[in-house]
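Notes for the one structure printed next.
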Amino acid sequence: MFGTLLLALLATDLVVEVSPTQLEEEIRRSKTPVVVNVWATWCRPCVEEFPEVLEFARKHQSEAKVMLVSADFPSRKKLVEKFLKEQGVAFRTYLKQGSDEAFVATLSPQWSGALPATFVFAPGGKLVVWFERKVTRAELEDALKRSKDETEKGGKR
Amino acid sequence: MKARAFSVLLVLGLWSTAWALKPGESLPETAATIKMRGVDGKEVTLKDLMGAKGLLVIFSCNHCPWVKAWQARMVALGNEYSQKGVGVVAVNSNDTEAYPDDDMDHMVAQAKEHGYRFPYVMDATSEVARAFGATRTPEAFLFDAQGKLVYHGAIDDNAEKPQEVKKTYLADALAALVTGKPVPVAETKALGCSIKFRQAK
């Protein structure tokens with residue numbers, strides 16, 4: 001009984017629902033650059049780029065906050081958790097909740113809403129680079145470097 | 001200096017934004033005459049499909065969960081307004097070699113299963129989607145009788161839960177169009193599957 005409960009708690013922890021307002025707050029508050037990757041279990045290009053994003057996240061966990069935000073419908077949360085476990089993800093990830101329009105506007109008003117999409121913010125919340133397509137680890141590393149340069153220039157919002 | 005600022009933006013990737021047709025702009029001439037085969041086997045162009053009141057083009061496909069979620073609402077609107085003088089067409093621009101679920105056989109089955117009473121056609125080169133700057137499915141473009149874009153965007157504001165929809169964007173735009181009123185909201189966004197473009201040959 002306790003074991004089941006504990007497992008349930010752990011499972012809940014792996015995927016946390018995030019509203020556009022909460023997402024904005026997380027991005028703004030971070031002391032390190034933030035990489036937001038919007039994906040879905042049903043999105044093939046997202047699944048294809050996933051290992052690259054994950055490798056980046058693991059290698060740069062001290063320098064960047066990587067937020068994997070699933071855009072799966074909330075009713076599919078179990079499938080999201082299953083996928084993340086299969087991929088060996090052990091850190092907290094997110095499930096998009098609430099208005100699509102506010103979500104898109106929070107990340108970039110220029111984004112059309114198509115998946116996959118990845119956004120790199122400098123500390124303070126300024127959007128430095130974004131992609132409306134699959135990304136590679138090398139591209140993310142380059143983006144991280146740029147967001148650090150941005151920080152040194154005092155490029156805060 | 002301006003040019004330099006622009007190139008900096010380019011380098012920073014802030015201009016990676018996909019261009020899309022803006023409200024007030026015309027139905028792209030290049031796309032309007034491209035022949036597309038429909039699920040009934042006939043070839044049509046957007047020009048042929050323009051109705052007395054306007055034209056609704058919805059970029060769609062078979063495999064995408066957002067399309068599936070919105071499908072019943074999309075079909076209801078398409079069926080209703082194709083009877084009210086609006087030309088209606090669903091356009092599938094996806095690369096069917098990479099996504100076999102989006103091929104013609106599956107299109108035929110989908111149109112039949114969901115009772116499409118408007119054409120569902122294949123944009124066999126993805127050029128129609130490129131000419132519109134369409135990026136995702138489903139994505140609606142509504143033109144008036146003069147071929148000016150009056151609405152671009154989502155079907156409504158809640159894909160997953162029809163009962164929780166608060167803003168019926170496309171329905172409102174269609175209702176305004178056929179009664180000669182200004183469209184209340186001309187541009188909206190929603191999440192969607194990226195269009196799986198064929199590589200230009």
Side-chain angles (χ1 to χ4, degrees), chain A residues 20 38-46 48-49 69-77 79 95-120 122 126-135 139-140 142-143 145-147 149-150 153 155, chain B residues 8-21 59 61 63-70 93-95 98-102 129 132-140 152-162 164-167 169 185 187-197:
Chain A
V38 186
W39 69 286
T41 55
W42 61 51
C43 161
R44 200 164 93 193
C46 305
E48 285 167 359
E49 75 174 354
V69 184
S70 159
D72 284 78
F73 296 143
S75 59
R76 293 171 49 99
K77 192 172 176 180
L79 293 171
L95 186 64
K96 182 233 135 204
Q97 182 242 311
S99 151
D100 279 11
E101 288 216 88
F103 182 71
V104 169
T106 294
L107 291 169
S108 167
Q110 308 300 317
W111 176 33
S112 82
L115 267 64
T118 301
F119 305 83
V120 183
K126 186 181 175 189
L127 180 61
V128 179
V129 191
W130 66 284
F131 307 86
E132 188 174 318
R133 56 169 172 82
K134 277 201 283 188
V135 288
E139 283 173 328
L140 291 175
D142 187 46
K145 190 175 167 294
R146 282 189 210 165
S147 62
D149 294 347
E150 189 74 29
K153 279 189 296 187
Chain B
V8 168
L9 284 174
L10 274 180
V11 168
L12 291 179
L14 289 174
W15 285 64
S16 60
T17 164
W19 163 91
L21 210 58
F59 289 90
C61 66
H63 85 271
C64 171
W66 276 287
V67 169
K68 290 177 183 169
W70 261 308
S93 303
N94 281 356
D95 182 349
Y99 289 78
D101 283 355
D102 288 330
F132 276 65
T135 61
R136 63 175 198 274
T137 60
E139 182 174 359
H152 168 212
I155 290 167
D156 58 45
D157 68 348
N158 197 323
E160 191 194 15
K161 296 185 177 145
E164 287 179 21
V165 169
K166 291 191 184 73
K167 291 169 181 166
Y169 298 123
V185 182
E187 264 184 306
T188 63
K189 287 202 182 146
L191 300 184
C193 302
S194 52
I195 291 178
K196 309 308 190 270
F197 286 94

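Convention: sequence-line order gives letters A, B, ...; per-chain numbering from 1.
Across B:L191 and A:D100, no two heavy atoms sit closer than the pair N-OD2, 2.9 Å. Between B:R136 and A:A114, the shortest heavy-atom distance links the atoms CB-CB, 3.8 Å. Nearest approach of B:P65 to A:F73, heavy atoms of both residues: O-CE1, 4.0 Å. Minimum interatomic distance between B:E160 and A:P74 (heavy atoms only, all atoms of both residues): OE1-CD, 3.2 Å. Closest of all the heavy-atom pairs between A:P45 and B:S194 is CG-OG, 4.3 Å.
In this structure, B:K166 NZ and A:S99 OG are separated by 9.5 Å, a value rounded to the nearest 0.5 Å.
Listed for the A:R44 side chain is a donor-acceptor partner under 3.5 Å among the backbone atoms of B:A98. Between the side chain of B:K189 and the main chain of A:A105, no donor-acceptor pair closer than 3.5 Å is present.
Contact count versus chain B (heavy atoms, under 4.5 Å) is highest, among A:C43, A:S75, A:S108, A:A143, for A:S75.
Using a 4.5 Å cut-off on side-chain heavy atoms (C-beta onward), A:E101 and B:Y169 make contact. Within the 4.5 Å cutoff, the side chain of B:T135 has no heavy atoms near those of the A:W111 side chain.
Looking at B:K196, the atoms closer than 4.5 Å to chain A (heavy atoms on both sides) all sit in the side chain, from C-beta outward.
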